[in-house]
Amino acid sequence: YNVSKTIENNFEYLKSLYKVNKKQTKSCFFLLPGLSEKKILENNKYFKWIYNIKNKIKGSITIIPHRIELDLINNSDFLKSKFSVKVNNLPIELSLIKSRYLPRKIIHCYSSCAITLNKIFGNKVEILNYRNKQLESTIDSYNKGTKPNETIIPMKRFLDRMKFKSIKDS
């Protein structure tokens, strides 16, 4: 086993599946990170944080809940009245292959899908990380406590280092 011969996956096969002419809409997809289920934010703070994206992005926004919080989001009359909600049983990269259209923007919160989506779409779809100072300090303190968060902190550092695009909340 020779690790010096690692080959980077550039997702050529997935790119070829997207070559079919897909109409691009003016809508945005907001991929929810499952923060309430992980007990990082209380539900009301989490819902407010989700809602605040409307102050940053103009136009139609479809929220796509993380699979671990489907029940929470589907049972939220508040969110369902403010957003279109799309339940997704596949990774977003595969779900978009089945869709007849592509959104103009995909917004995430420190998700590893940002890396793959950027490789697959290039400039076709704008991929944005949704940053929030209060949320980041909550995650940092959560990480220092008894419940380490193995994904968000390393991803935050990686996205910063790679200079991925982001939008900031208050």
Side-chain angles (χ1 to χ4, degrees), residues 11 14 17-18 22-121 125-132 134-143 145-156 158-159 164 166-167 169:
F11 301 96
L14 281 179
L17 297 177
Y18 282 106
K22 289 184 183 275
K23 184 177 179 178
Q24 191 160 21
T25 66
K26 294 182 180 182
S27 68
C28 298
F29 284 175
F30 184 20
L31 310 178
L32 300 183
L35 296 177
S36 69
E37 185 66 28
K38 295 173 187 173
K39 306 297 184 218
I40 293 175
L41 289 178
E42 297 170 8
N43 290 355
N44 60 343
K45 286 184 181 178
Y46 187 46
F47 293 165
K48 184 178 179 189
W49 176 76
I50 294 168
Y51 180 74
N52 282 342
I53 194 73
K54 284 191 167 279
N55 297 329
K56 303 291 177 183
I57 301 293
K58 302 295 181 228
S60 170
I61 300 173
T62 299
I63 56 176
I64 301 176
H66 191 282
R67 66 187 168 278
I68 63 173
E69 62 181 11
L70 289 174
D71 290 339
L72 174 72
I73 302 303
N74 281 331
N75 292 325
S76 168
D77 292 334
F78 172 74
L79 288 179
K80 289 194 311 188
S81 71
K82 305 294 181 188
F83 296 94
S84 152
V85 177
K86 180 178 179 185
V87 174
N88 207 356
N89 295 317
L90 292 171
I92 189 65
E93 299 89 340
L94 299 178
S95 174
L96 288 172
I97 289 173
K98 290 184 155 195
S99 176
R100 285 187 235 138
Y101 63 90
L102 293 175
R104 70 181 165 95
K105 293 181 184 181
I106 297 175
I107 304 156
H108 64 94
C109 180
Y110 303 112
S111 176
S112 58
C113 75
I115 299 162
T116 55
L117 291 172
N118 269 304
K119 284 187 175 198
I120 294 167
F121 293 124
V125 177
E126 189 173 16
I127 314 295
L128 296 168
N129 186 38
Y130 185 34
R131 299 186 69 155
N132 177 298
Q134 179 187 1
L135 176 63
E136 289 175 11
S137 67
T138 303
I139 292 168
D140 287 340
S141 63
Y142 178 87
N143 193 48
T146 58
K147 297 179 180 178
N149 188 315
E150 321 67 47
T151 57
I152 293 177
I153 298 299
M155 196 51 143
K156 175 184 166 192
F158 177 79
L159 293 175
F164 276 56
S166 66
I167 53 175
D169 191 19

Q) Taking it one step at a time, do Asn89 and Val87 satisfy side chain to side chain contact (heavy atoms under 4.5 Å, CB included)? A) CA-CA 7 Å; Asn89 295 317; Val87 174; 4.2 Å; yes
Q: Might you work through the side chain to side chain contact (heavy atoms under 4.5 Å, CB included) test for Leu96 and Tyr101, ending with a clear yes or no?
A: CA-CA 8 Å; Leu96 288 172; Tyr101 63 90; over 6 Å; no
Q: Given side chain to side chain contact (heavy atoms under 4.5 Å, CB included), test Thr25 with Leu102 step by step and report yes or no.
A: CA-CA 6 Å; Thr25 66; Leu102 293 175; over 6 Å; no
(Q) side chain to side chain contact (heavy atoms under 4.5 Å, CB included), that's the test. Do Leu128 and Ile106 meet it? Break it down for me. (A) CA-CA 6 Å; Leu128 296 168; Ile106 297 175; over 6 Å; no
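Under the 30°/60° scheme for interplanar angles, the aromatic rings of Trp49 and Phe30 are found to be tilted.
Within the 3.5 Å criterion, the main-chain N or O of Ala114 finds no donor-acceptor partner in the side chain of Ser111.
Considering only heavy atoms from C-beta on, Ile73 comes within 4.5 Å of Leu32 through its side chain. Contact annotation: the side chain of Asn44 never approaches that of Phe78 to less than 4.5 Å [non-hydrogen atoms, C-beta and beyond]. Considering only heavy atoms from C-beta on, Phe29 stays 4.5 Å or farther from Ser84 through its side chain. In this structure, Thr62 and Val85 have side chains that are not in contact, with every pair of non-hydrogen atoms separated by 4.5 Å or more. The side-chain heavy atoms of Pro103 and Ser27, taken from C-beta on, include a pair separated by under 4.5 Å. Side-chain contact between Leu117 and His108: absent, with no pair of heavy atoms (C-beta onward) separated by less than 4.5 Å.
Closest approach of Tyr130 and Ile53 over heavy atoms only: OH-N, 3.4 Å. Of all the heavy atoms in Arg104 and Lys26, the pair that sits closest is NE-O, 2.5 Å.
Atom-to-atom distance recorded for Ile61:CD1 and Ile107:CD1 is 5.5 Å, nearest 0.5 angstrom. Expressed to the nearest 0.5 Å, how far CD of Glu126 lies from SG of Cys28 amounts to 8.5 Å. The NZ atom of Lys58 sits 10.0 Å away from the NZ atom of Lys105 when rounded to the nearest 0.5 Å. With rounding to the nearest 0.5 angstrom, the CD1 atom of Ile97 is 4.5 Å from the CG atom of Leu14. The distance from the SG atom of Cys109 to the CD1 atom of Ile50 is 10.0 Å, given to the nearest 0.5 Å. In this structure, CZ on Phe47 lies 13.5 Å from CG on Asn52, to the nearest 0.5 angstrom.
The side chain to side chain donor-acceptor pair (under 3.5 Å) search around Lys80 returns none, not counting sequence neighbours. Considering only residues two or more places apart in sequence or on other chains, Thr116 meets the side chain to side chain donor-acceptor pair (under 3.5 Å) condition with Glu93. Remark: Asn88 pairs with Ser95 by the side chain to side chain donor-acceptor pair (under 3.5 Å) rule, at least two apart or across chains.
Cation-pi geometry between Lys54 and Phe83 is met: under 6.0 angstrom from the ring centre, within 45 degrees of the axis.
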